[in-house]
A.B. asks: 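Pasting in a structure now, in structure tokens, and then I'll have a few things to ask.
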Number of protein chains: 2
Amino acid sequence: MTMNTPREIFANYISKQGLRNTQQRDDILAAFFSSEKHITVEELFSVVKTKNPAIGYATVHRNLNLLCECGLADEIKIGKQKARYEPKFGQKHHDHLICLRCGKFTEVINSKIEKLQDKLAEENGFMPVRHKLEIYGICRECR
Amino acid sequence: MTMNTPREIFANYISKQGLRNTQQRDDILAAFFSSEKHITVEELFSVVKTKNPAIGYATVHRNLNLLCECGLADEIKIGKQKARYEPKFGQKHHDHLICLRCGKFTEVINSKIEKLQDKLAEENGFMPVRHKLEIYGICRECR
DNA sequence: TCTAAGATGATATTAATTTTCATTTTCAAT
DNA sequence: ATTGAAAATGAAAATTAATATCATCTTAGA
Ligand SMILES: [Mn+2]
Ligand SMILES: [Mn+2]
Ligand SMILES: [Zn+2]
Ligand SMILES: [Zn+2]
């Protein structure tokens with residue numbers, strides 16, 4: 001049994017956990033995967049409401065957490081800002097360039113840096129699990 | 001006029017800003033620079049109270065912010081945890097290895113990574129200002 | 001169909017941070 | 001040294017994002 005779409009992966013995770021599939025979950029997932037990346041709970045709540053005006057904020061919040069649990073989303077915390085979420089599906093790990101002026105996230109990947117990070121950790125007797133590299137500065141459009 | 005100690009730097013910054021030097025500022029700075037690094041407001045508050053039992057939490061909080069402003073402290077936010085602060089004085093930039101089990105911070109620096117980060121930013125038309133690299137994993141003592 | 005368990009949505013709570021405000025303190029001008 | 005305007009302090013309140021509560025509704029298996 002191949003599980004192709006995020007929708008299938010989510011429904012499958014929900015079932016396996018003894019939880020229940022609902023229209024709300026479906027609405028939230030659909031909105032999440034068709035919205036801008038790096039979205040806040042509040043922003044996603046607004047989007048979902050256009051399709052399902054009865055949806056509650058708490059439901060969006062809870063289901064974003066479930067999406068993180070099942071590997072379909074990543075939470076991104078920048079300083080004291082509200083948590084942001086990005087869909088994760090058939091997508092490699094990446095780091096972020098974050099514009100101090102407009103807030104734009106640019107996704108970047110550099111395998112040389114990744115390897116050096118692992119080496120650095122190991123040199124310190126440290127077993128790396130995950131990492132977070134954020135470069136803050138001024139983006140092309142803002143300078 | 002050379003400004004040597006953090007104490008002098010702080011007093012100087014306060015004066016230049018048209019603010020006023022107080023005993024509380026002195027107590028807070030002294031405690032901050034003689035405590036463990038990566039301390040929370042609450043922890044520093046406890047330390048300062050042993051020397052000055054009348055000190056208020058808000059005063060410690062406000063002065064940690066001033067210390068950040070004048071470059072004598074850095075705020076470190078890890079996920080949803082309380083903010084931590086580290087003294088910054090005659091000390092190079094460094095990154096952190098953070099143990100997922102015991103929470104220990106290990107300070108590391110790798111100039112090769114630093115250079116590659118700048119290169120990566122520039123390749124994307126991005127002018128880097130600062131960055132944050134945190135490697136999460138299991139420290140030597142915890143594995 | 002029936003029902004136990006889970007989900008939802010409105011609201012309340014939590015916890016860290018920041019603000020308010022009455023009072024005290026600083027410090028430059030006298 | 002005295003004065004007084006402006007800033008600092010400390011206690012308490014407000015703010016804010018995140019999370020929990022709970023009455024009601026819905027799901028899904030028997
Ligand atoms: Mn991203
Ligand atoms: Mn450090
Ligand atoms: Zn920008
Ligand atoms: Zn450890």
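Just so we're on the same page: letters track the sequence lines, and every chain starts at 1.
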A.B. asks: Check whether any side-chain heavy atom of B:Leu64 lies under 4.5 Å from a side-chain heavy atom of B:Leu44, and answer yes or no.
C.D. replies: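 B:Leu64 reaches B:Leu44 side chain to side chain.
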A.B. asks: Can you sort out which residues in residues 77-86 of chain A have a heavy atom within less than 4.0 Å of DNA chain C? Ascending by number, please.
C.D. replies: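 Under 4.0 Å from DNA chain C: A:Lys80.
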A.B. asks: Report for the helix from C:dT1-D:dA30 to C:dT30-D:dA1: angle between first-end and last-end helix axes, five pairs each, rounded to 10 degrees.
C.D. replies: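 About 20° separates the two local helix axes.
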A.B. asks: Holding to salt bridge (charged side-chain N to carboxylate O under 4.0 Å, His left out), I want the full list of residues that pass it with A:Glu122, two or more places apart in sequence or in another chain.
C.D. replies: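 A:Glu122 satisfies salt bridge (charged side-chain N to carboxylate O under 4.0 Å, His left out) with no residue once adjacent residues are dropped.
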A.B. asks: Can you tell me which residue pairs pass the salt bridge (charged side-chain N to carboxylate O under 4.0 Å, His left out) test with a partner in residues 85-99 of chain B, sequence neighbours excluded?
C.D. replies: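 Sorted pair list: B:Lys37-B:Glu86, B:Asp74-B:Lys88.
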A.B. asks: Transitive ILVMFWY cluster of B:Leu100 at side-chain heavy atoms under 4.5 Å: who else is in it?
C.D. replies: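 Hydrophobic cluster check, B:Leu100: joined to A:Met127, A:Val129, B:Ile76, B:Ile78, B:Ile98, B:Phe105, B:Tyr136, B:Ile138.
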A.B. asks: Quick test of your reading of the model: are A:Glu134 and A:Lys132 salt-bridged, counting only N-O distances below 4.0 Å?
C.D. replies: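 Yes, this pair counts.
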A.B. asks: Can you list every salt bridge (charged side-chain N to carboxylate O under 4.0 Å, His left out) pair that touches residues 49-70 of chain B, not counting sequence neighbours?
C.D. replies: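 Not a single pair qualifies under salt bridge (charged side-chain N to carboxylate O under 4.0 Å, His left out).
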A.B. asks: Would you mind listing every salt bridge (charged side-chain N to carboxylate O under 4.0 Å, His left out) that reaches into residues 109-121 of chain B, with sequence neighbours excluded?
C.D. replies: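 Checked against salt bridge (charged side-chain N to carboxylate O under 4.0 Å, His left out) - neighbours excluded - the pairs reaching residues 109-121 of chain B are B:Lys119-B:Glu123.
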A.B. asks: For DNA chain C, note the earliest and the latest nucleotide, 5' to 3', having some atom under 4.0 Å of a heavy atom belonging to chain B.
C.D. replies: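 It runs C:dA16 to C:dC27.
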A.B. asks: Pull out every residue in residues 67-75 of chain A that has a heavy atom closer than 4.0 Å to any atom of DNA chain D, ordered by number, or say none.
C.D. replies: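 Correct list: empty, so none.
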A.B. asks: Encode nucleotides 5-13 of chain D as B, S and - characters from 5' to 3', where the letter depends on protein heavy atoms closer than 4.0 Å: B to the base, S only to sugar-phosphate, - to neither.
C.D. replies: BBSSBBB--
A.B. asks: A side-chain contact here means heavy atoms from C-beta on lying under 4.5 Å apart; do A:Leu116 and B:Leu116 qualify?
C.D. replies: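 Yes. Closest side-chain heavy atoms under 4.5 Å.
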A.B. asks: Look at A:Arg84 together with A:Glu42 and state whether they make a salt bridge at an N to O cut-off of under 4.0 Å.
C.D. replies: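 Salt bridge absent between A:Arg84 and A:Glu42.
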A.B. asks: Applying salt bridge (charged side-chain N to carboxylate O under 4.0 Å, His left out), can you list everything that pairs with B:Asp27, at least two apart in sequence or on another chain?
C.D. replies: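 With neighbours one apart ignored, the set is empty.
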A.B. asks: Does any non-hydrogen side-chain atom of B:Ile135 lie less than 4.5 Å from one of B:His96?
C.D. replies: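 Of all side-chain heavy-atom pairs linking B:Ile135 with B:His96, none is under 4.5 Å.
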A.B. asks: Does A:Glu141 have any side chain to side chain contact (heavy atoms under 4.5 Å, CB included) partners at least two apart in sequence or in another chain, and if so, which?
C.D. replies: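 A:Glu141: side chain to side chain contact (heavy atoms under 4.5 Å, CB included) contacts with A:Lys104, A:Cys139.
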A.B. asks: Keeping A:Thr50 on the side-chain end and A:Ser46 on the backbone end, is there a donor-acceptor pair under 3.5 Å?
C.D. replies: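 Judged by distance alone, no pair lies under 3.5 Å.
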A.B. asks: Any side-chain heavy atom of A:Phe10 within less than 4.5 Å of one from A:Asn63?
C.D. replies: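 A side-chain contact under 4.5 Å exists here.
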A.B. asks: Does B:Asn124 reach the main-chain N or O of B:Leu120 with its side chain, forming a donor-acceptor pair under 3.5 Å?
C.D. replies: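 At least one qualifying donor-acceptor pair exists.
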